[in-house]
Protein chains: 2
Amino acid sequence: MSVFTATSLSILTSSAEGYPMSSSPDWGSSVGTPCSFVQPQGYGQYGASALLSDSEERGLSCSGGGSGGSCVPRDVQKNVRVSGVSVQLEMKTLWEEFNRLGTEMIVTKAGRRMFPTFQVKIFGMDPLADYALLMDFVPLDDKRYRYAFHNSSWLVAGKADPATPGRVHFHPDSPARGAQWMRQIVSFDKLKLTNNLLDDNGHIILNSMHRYQPRFHVVFVDPRKDSERYAEQNFKTFIFQETQFTAVTAYQNHRITQLKIASNPFAKGFRDCDPEDW
Amino acid sequence: MSVFTATSLSILTSSAEGYPMSSSPDWGSSVGTPCSFVQPQGYGQYGASALLSDSEERGLSCSGGGSGGSCVPRDVQKNVRVSGVSVQLEMKTLWEEFNRLGTEMIVTKAGRRMFPTFQVKIFGMDPLADYALLMDFVPLDDKRYRYAFHNSSWLVAGKADPATPGRVHFHPDSPARGAQWMRQIVSFDKLKLTNNLLDDNGHIILNSMHRYQPRFHVVFVDPRKDSERYAEQNFKTFIFQETQFTAVTAYQNHRITQLKIASNPFAKGFRDCDPEDW
DNA sequence: TAGTTTTCACCTAGGTGACAACGT
DNA sequence: ACGTTGTCACCTAGGTGAAAACTA
């Protein structure tokens with residue numbers, strides 16, 4: 001890791017400031033790979049209707065149909081090393097189950113893992129080329145939320161707090177050859193979320209009570225000396241709607257809590273019935 | 001891992017059959033790097049005098065002086081990618097402490113880690129070249145031993161049992177660039193020893209009650225198509241006398257047991273006094 | 001008797017949600 | 001009220017040597 005500088009990635013971190021599903025016009029249904037990009041219906045319900053019941057079927061429109069959402073600017077001709085890459089989200093049905101309820105992810109000062117863990121299968125890389133894999137998190141909108149316990153629903157509580165430092169998490173095996181990435185499931189289980197603005201552990205900093213969309217980036221490590229010039233061509237971004245979530249310091253929706261307890265092995269101590277009942 | 005075949009390593013596995021310190025004439029004090037190879041005094045005491053008291057100072061002759069024992073056939077001109085490589089054993093004083101008592105390593109059917117763990121710092125690699133790092137274990141002699149509890153010493157119990165399958169343990173990060181290997185300590189903590197001849201977990205198979213010398217190999221992954229032809233030039237082997245040990249299924253020397261308990265964090269449960277008393 | 005195998009209590013190391021305490 | 005923080009019991013996962021059981 002950290003063999004290569006962030007130069008070729010500046011394009012990523014800068015774009016992380018916007019809201020890719022809405023305000024950024026050059027993100028859309030892609031070319032090349034099977035692309036299940038879904039129009040911004042899922043978060044739109046949040047943004048527009050502002051009040052949303054748990055039992056709504058809104059998750060269905062976010063789950064996507066195919067193996068992954070490939071979202072690249074239309075006008076950039078991608079390098080052949082990334083253009084053919086496709087990605088399949090693991091534990092997709094579990095993600096969808098959470099998403100249907102409105103996924104919440106705990107953030108703590110020390111940093112908390114995500115559950116479910118973001119993990120993918122990768123196809124179509126050049127086996128001999130070097131790639132870096134990384135994730136970042138973009139706000140789904142500019143709102144702050146609060147949870148209404150009385151009717152189990154999220155409410156808009158105002159405009160978003162000031163944006164957190166836009167960090168990026170490199171998969172610790174980066175960089176590595178395509179053959180290695182494709183050999184087995186790539187897991188981002190080391191990634192941790194924090195609400196500590198002064199965090200110096202390299203964790204992802206998020207605002208509690210805000211909504212986020214995880215993004216997955218495949219970056220071809222260009223051996224050319226002037227590789228910065230090709231930065232835009234050398235990466236490809238994948239977005240899975242079903243992985244969006246609300247950052248919280250304590251779970252709000254009781255059904256999310258129960259699903260976490262039921263499906264996360266580390267929460268086994270809080271189960272009171274067989275895990276197969278789910 | 002396993003990106004490259006064993007072709008370039010056949011030379012290693014084949015040489016693992018002999019006893020490099022004695023019968024193999026082309027192993028000796030080396031060229032190139034600082035080389036603390038010590039004449040076969042250490043094991044020689046085992047082979048020759050056959051009976052050895054715990055309190056002898058034999059360990060002192062095995063501990064070596066410099067940063068590592070580099071042992072290569074004299075007549076082969078090494079590739080520049082490996083000729084400048086040097087290696088420093090971590091926890092050297094702990095290894096020496098064990099070696100002074102006569103190190104024992106547990107072997108189990110399921111596989112047991114080594115303690116101390118074999119770990120090294122590496123210098124002088126080409127930062128951009130790819131290397132594989134691996135370990136193997138060669139018999140120190142052709143003897144079988146038993147422990148005489150009455151006077152706390154090892155006795156020769158006969159000729160060695162049939163040799164075990166000569167396996168090799170690749171460091172799981174192999175292959176990787178020199179820059180990555182040199183960045184931090186390289187630890188072989190995943191390596192496990194077994195006495196199960198039918199082991200299919202890829203563990204190192206050893207005969208209990210036999211003496212072994214761990215070896216550390218740095219292999220330059222040659223990008224040339226006919227790289228097999230340069231196999232001999234592309235690797236360099238390091239031997240640290242102080243890491244030799246007797247494989248056992250249960251500790252024989254009570255002082256070894258006590259030192260393991262005192263120094264291995266996982267054995268903390270068996271301590272009855274402060275760990276700083278050592 | 002000498003050595004091996006299995007089981008076990010006890011650790012390391014660290015990921016869970018519950019909960020009480022603490023802010024604002 | 002609402003949200004955050006730290007502590008805690010309870011897990012996962014797996015590395016220890018002790019001791020009993022087993023095998024020639």
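Reminder, nothing fancy here: chain letters follow the sequence lines and each chain counts from 1.
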Which atom pairs, one a donor and one an acceptor, fall under 3.5 Å between side chains of residues 109-118 of chain A and the rest of the protein, sequence neighbours left out?
unit_1   : atom_1 : unit_2   : atom_2 : d
A/Arg113 : NE     : A/Asp189 : O      : 3.4

Could you check how far [atom1] of [X] sits from [atom2] of [N], rounded to whole Å?
| X | N | atom1 | atom2 | value |
| --- | --- | --- | --- | --- |
| A/Arg113 | C/dG14 | CZ | P | 11 Å |
| A/Lys260 | C/dA18 | NZ | P | 12 Å |
| A/Arg271 | C/dG17 | CZ | C1' | 12 Å |
| A/Leu206 | D/dG3 | CG | P | 17 Å |
| A/Ile106 | D/dG6 | CD1 | P | 14 Å |
| A/Phe149 | D/dA1 | CZ | P | 13 Å |
| A/Gln252 | D/dA1 | CD | P | 16 Å |
| A/Glu104 | D/dG3 | CD | P | 12 Å |

Neighbour count >12 (heavy atoms, 6.0 Å) for atom CE, B/Met91: no
Is A/Lys190 close enough and on-axis enough to A/Phe170, meaning under 6.0 Å and within 45°, for cation-pi? no
Check whether any side-chain nitrogen or oxygen of A/Asn195 sits under 4.0 Å from OP1 or OP2 of D/dT5, and answer yes or no.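 It does, given that an N or O in the side chain of A/Asn195 lies less than 4.0 Å from OP1 or OP2 of D/dT5.
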Take B/Val107 and A/Phe115, find for each the nucleotide of DNA chain C with the closest heavy atom, and name the residue whose nucleotide sits nearer the 5' end. B/Val107
Closest to the [X] side chain: [options]?
| X | options | result |
| --- | --- | --- |
| B/Met209 | D/dT4, D/dA18, C/dT4 | C/dT4 |
| A/Ser208 | D/dT4, D/dG17, C/dT16 | D/dT4 |
| B/Arg146 | D/dC2, C/dT16, C/dG3 | C/dG3 |
| B/Ile261 | D/dA18, C/dG3, C/dA18 | D/dA18 |

Flag for B/Asn151-B/Tyr147: side-chain donor and acceptor within less than 3.5 Å: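 There is no such pair (donor and acceptor under 3.5 Å, judged by atom type) between the side chains of B/Tyr147 and B/Asn151.
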In the structure I gave you, are the side-chain heavy atoms of B/Leu134 and B/His169 within less than 4.5 Å of one another anywhere?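 With C-beta onward as the side chain, the pair stays apart.
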Which residues pass the ring pair (Phe, Tyr, Trp, His ring centres under 6.0 Å) test with B/Trp181, sequence neighbours left out? B/His171
Does the pair A/Asp136/A/Arg167 count as a salt bridge with the N-to-O cut at 4.0 Å?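 Result for this pair is no, no salt bridge flagged.
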Protein proximity profile, nucleotides 6-12 of chain C - base contact B, sugar-phosphate-only contact S, no contact -, cut-off 4.0 Å on heavy atoms: S---SSB
